[in-house]
Amino acid sequence: MRAQVIDVDYISSKETNVVRLYCKNEAGESICLSVPGFEPYFYARNSNNVNPTTLKRKFYQIKKIEDVERYLPLGYQREPSKLLKITVQHPKQVPEIRDEVKELVGEVFETDILFKNRYLVDKNIKGMGWINLHPSIADYTGQDATDHKSKSNCKFNILGHAEPVNYLANASFKFLSLDIECLPPEDGMPEPSKDPVIIISLAFDPPFNGKKSIVLTAKSASLQSQPEQTEPLNTTEMLGNEVKMLNRFSNIVKEYDPDFIAGYNSNSFDFPYLIDRTAALEINLPLGRDDRGSVYYKNFGIITKVTITGRVAADALPLIKREFSLKQYPLEFTAKQLLNDEKLDMKPEEMRRIWLSANESIAKLVEYSRKDAQLALAFFLKLKLLDKYIALSRTSGMLLQDIIDSGQSQMIEMLLLRAFLLEKRVMPPKPELEEDAATDANDETDSKDDDGEEELKGGEVLPPKKGLLENIVILDYKSLYPTIMIAHNLCYTTQIMDNDPVIASIDQKDIIITPSGARFVSPSVKKGILPQILENLLSKRDEAKKAMKAASTDDEKRILDALQYALKILLNSFYGYSGYRRARIFSLEIANSVTGYGRENLLRTKDVILNEIKTIPYKDFVIPLSVAYGDTDSTFVMLLDFANLTIEDAEIIGKSITAKINERLPKPMELQYESFAKRAVFMAKKRYAIWVFEKSDEGWKDKIKVKGMETVRRDWCDLTSKTLSRCLEIVLKEGNMEKAKNLVTSTIDALRKFDYSDKSMLKDLFLTKKLSKRNYKSKQPHLIVAEKIFRRSGTRLHIGDRIPFVIISAKGKLFADKAEDPDYAVEHKLKLDTDYYVDKQILPPIKRLFDGIEIEIKDLKADKANRTLFEFHGDEIVVSEPILRPAKSSPNNEQKNLFSFGN
DNA sequence: CTTGGGACCTAA
DNA sequence: TGAGTTAGGTCCCAAG
Ligand SMILES: Nc1ccn([C@H]2C[C@H](O)[C@@H](COP(=O)(O)OP(=O)(O)OP(=O)(O)O)O2)c(=O)n1
């Protein structure tokens, strides 16, 4: 029988360790496979020539010591080194003895690999991958030699072992989402030690006994005026008291047996609260699939990880924060923006009143809570939030829960560890770093003398040709850094270390010297492990991209786009990891070589286009080229004298440029044609807007793409984004300065007339900033607002939250002191500082845009030089004559005159 | 008043 | 059991 691995844990007794694999078979049934006998181990380099027998005698934990040959982590080596492989009985014993062994014997390796991961890597089993089950006892109840009286909550319990098997499909998974309500205290936030959980709402997919949702309540009360359509799909169970409700919840989980338990902010609120509350009540709340129903949480810095053994705790909030760039993330906003659905409204005071009242119907409260659970579930079902993570899990081999909860480094380490194992190479433990060393490597003050820059230099950014430009072909290297690493065989395993005599044994022609001066052996000597991993991941990304293009619906496209993007970031993170000071293997030489090649490549690309290709003969024309901008791996090539050519022509020309460049590049580096911009405006490095045409199923689709400018920045108000965005559209598509100018003046007029009855304008005036710490060196508006809110209501805002605020009128005060909680401002009808909004929000970005364009216009039309678009006379704005006339008829001819220029 | 740096957010 | 990387623009505060 085969099954898909959802989660893994282990238990150990005196005699043995049992790894437990929680799986789902093709019929969708849950299985717990108990695998006894796997033993933890690590490696040590016997620099001190300690006698292994002595060593074994010294540590009772050591079960076995073997002499093995392994390659060391960093540097090209012709031969492996002799290491000791030290096996112990229990996983906990590795950390117990590793430091002493290191002290006594020498450097140690793989001493901090979690046991479950050790098992997965050694057996080549992957998270969300499939295994063949080989049972020795089919219905394992624990009454056997292993002495574990454990019967899990899975449908089947099997003792045996597992073998990986290739199988592409996913089992059918069960989702349960939950949302809890606590009794709000009269002031402040509920606390598990005193405030009861009053409602637990659950939503199911697929339905549970025909029910899509169940709301459990901790008291019996009237449900009068409950919506009629509620039954029978959506039910309510009155459990009478809190403990009964909690028990019922646990029983439902056991009976429904979900694979994924979802929530919204559930890692930070619902689960910790439930766990602390049950502890306070001194009752159990079994939820996990293991015999004990384990569920617990642990705080890591500012984030909380929830473990529900055998299942996956999936909190939609952090996933949404990662995937969607929004100004605010409370459920009411994300539900609206991502699901086009509405969260129901209820204030804590109202909740408290309803719950405490003797005979009032609690229907509103019940439906409020039910909706939250349904929304949490909807994120997973409609947005398919987990698909990407399931794919990443299968690719990296990490368990789904760990993928969801952790960053790039975990995946990278897992992939490296697997690849290293195959080549008999060992992995160092994570380095112990001083607190501040992580961020700043440079003392600057006294370390000027020795070994040169301890720094990692990044990508090259070309200064843009400013102003309004036309006919730009956008070229972009496909996965630049990963392809550089492959092309030049950059790897821990191919790096020739300084002063390593091994260099003498290598033919000069097989030594690659990178722009930063580091040396690597060529693939003919040894093909690097990193390049192999990267090639594999690149092909996975290509697959995802291909599937994305083939996808029939926008939703499918979005999901696959998210996957290919995630793979791209994972690919790039191998470069990042090599220059990451907390990496198991840190090699600035690799990282600097990658960026060095990258910079060289960008400059060379520009140079070849400008000085070698120069022009593209096309049809009856010869089209001169110039480079308008470039950033790290992109080149914006301007086609001069492009009159009358079409977008198709541009694509052909673009592709002929990439072909010429690609001829000269080592594989698999590849410059790709990305898109064509009819017009573009470059404000500064990393700030531009382009009017691009891209192919779609229905022909050419045009859109305005904005990078870095205020329209895409979340620390500006929506009024700014909207106004600028419309100006950009008008300027780029129509070249109509008059119209853009009128838009701005009318926007400012409307702003000056603002009053609180204008709800949509009010929303457009919200600023948001992320609260990222509590000890700022200078006054910060969002912190001031967060503190005000806490003082007034006891509502605690957390680090990581985005804080919305408005700027209110207050003469002479600092900006930060004028920031106010929007709700409070509305409630007290505080006067908004319209001057601020006009002078600091609307005008500066607009002025930058118009000034930027005008410089260009000046070049074009010397006679109309020295005109500013806006001049400031106190509050009055005087707008100069239009510089470009509206393009009314036949845009092609008109615009040719308006925009074309020589260079 | 000018200037440097902190903070934020984005591009790559 | 944690956390890929650097480059860059713009705002505001506070030190000078
Ligand atoms: N999160 C990121 C994004 C980019 N880069 C580096 C590595 C990339 O290779 C290079 C160029 O970035 P792109 O955004 O253009 O991405 P790629 O070239 O990797 O992929 P694509 O094929 O989408 O262009 O910048 C990075 O280190 N980390």
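Chain A is the first sequence line, chain B the second, and so forth, proteins listed ahead of strands; every chain is numbered from 1. The shown structure was predicted, so the numbers you read here are calculated from the model rather than taken from an experiment.
Residue A/Tyr575 is classed as a base contact, given a heavy-atom separation below 4.0 Å to a base. Using a 4.0 Å heavy-atom cutoff across all strands shown, A/Gly576 reaches at least one base atom of the nucleic acid. Counting any heavy atom pair closer than 4.0 Å across all strands shown, A/Gln410 reaches sugar-phosphate atoms only and no base atom. Using a 4.0 Å heavy-atom criterion, one finds that A/Asn572 contacts the bases of the nucleic acid, with or without backbone contacts as well. Residue A/Ala816 is in sugar-phosphate contact alone, with no base atom involved, counting any heavy-atom pair closer than 4.0 Å across all strands shown. Heavy atoms of A/Pro844 sit under 4.0 angstrom from primed sugar atoms or phosphate atoms, though from no base atom.
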### Task
Could you check A/Asp9 against A/Lys116 for salt bridge (charged side-chain N to carboxylate O under 4.0 Å, His left out), going step by step and ending with a plain yes or no?
CA-CA 6 Å; A/Asp9 79 340; A/Lys116 63 181 180 187; over 6 Å; no
### Task
Just do the ring pair (Phe, Tyr, Trp, His ring centres under 6.0 Å) check on A/His488 and A/Tyr597 with the steps written out, would you?
CA-CA 9 Å; A/His488 299 101; A/Tyr597 276 121; 3.5 Å; yes
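A distance of 6.0 Å or more separates the ring centres of A/Phe586 and A/Tyr580. The distance between the ring centers of A/Tyr836 and A/Phe815 falls below 6.0 angstrom.
Which of C/dT1, C/dC13, C/dC11 sits closest to the side chain of A/Leu114 comes down to C/dT1. Looking at the side chain of A/Val461, the nearest of the listed nucleotides C/dA7, C/dG2, C/dA14 is C/dA7. Minimum atom distance to the side chain of A/Leu814 is reached by C/dC13, of the listed C/dG8, C/dT1, C/dC13.
Considering only heavy atoms from C-beta on, A/Phe324 stays 4.5 Å or farther from A/Gln337 through its side chain.
Between A/Asp715 and A/Lys770 there is no salt bridge, since none of the side-chain N atoms of the basic residue sits less than 4.0 Å from a carboxylate O of the acidic one.
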#### Entry: nucleotides 5-12 of chain B: protein proximity per nucleotide (B base, S sugar-phosphate only, - neither; heavy atom, under 4.0 Å)
-SSBBSBS
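In this structure, A/Arg848 reaches the C/dT10 phosphate: one of its side-chain N or O atoms is under 4.0 Å from OP1 or OP2. An OP1 or OP2 oxygen of C/dG2 is reached within less than 4.0 angstrom by no side-chain nitrogen or oxygen of A/Arg581.
By the salt bridge (Lys or Arg N to Asp or Glu O under 4.0 Å) test, A/Lys606 pairs with no residue at all, sequence neighbours left out.
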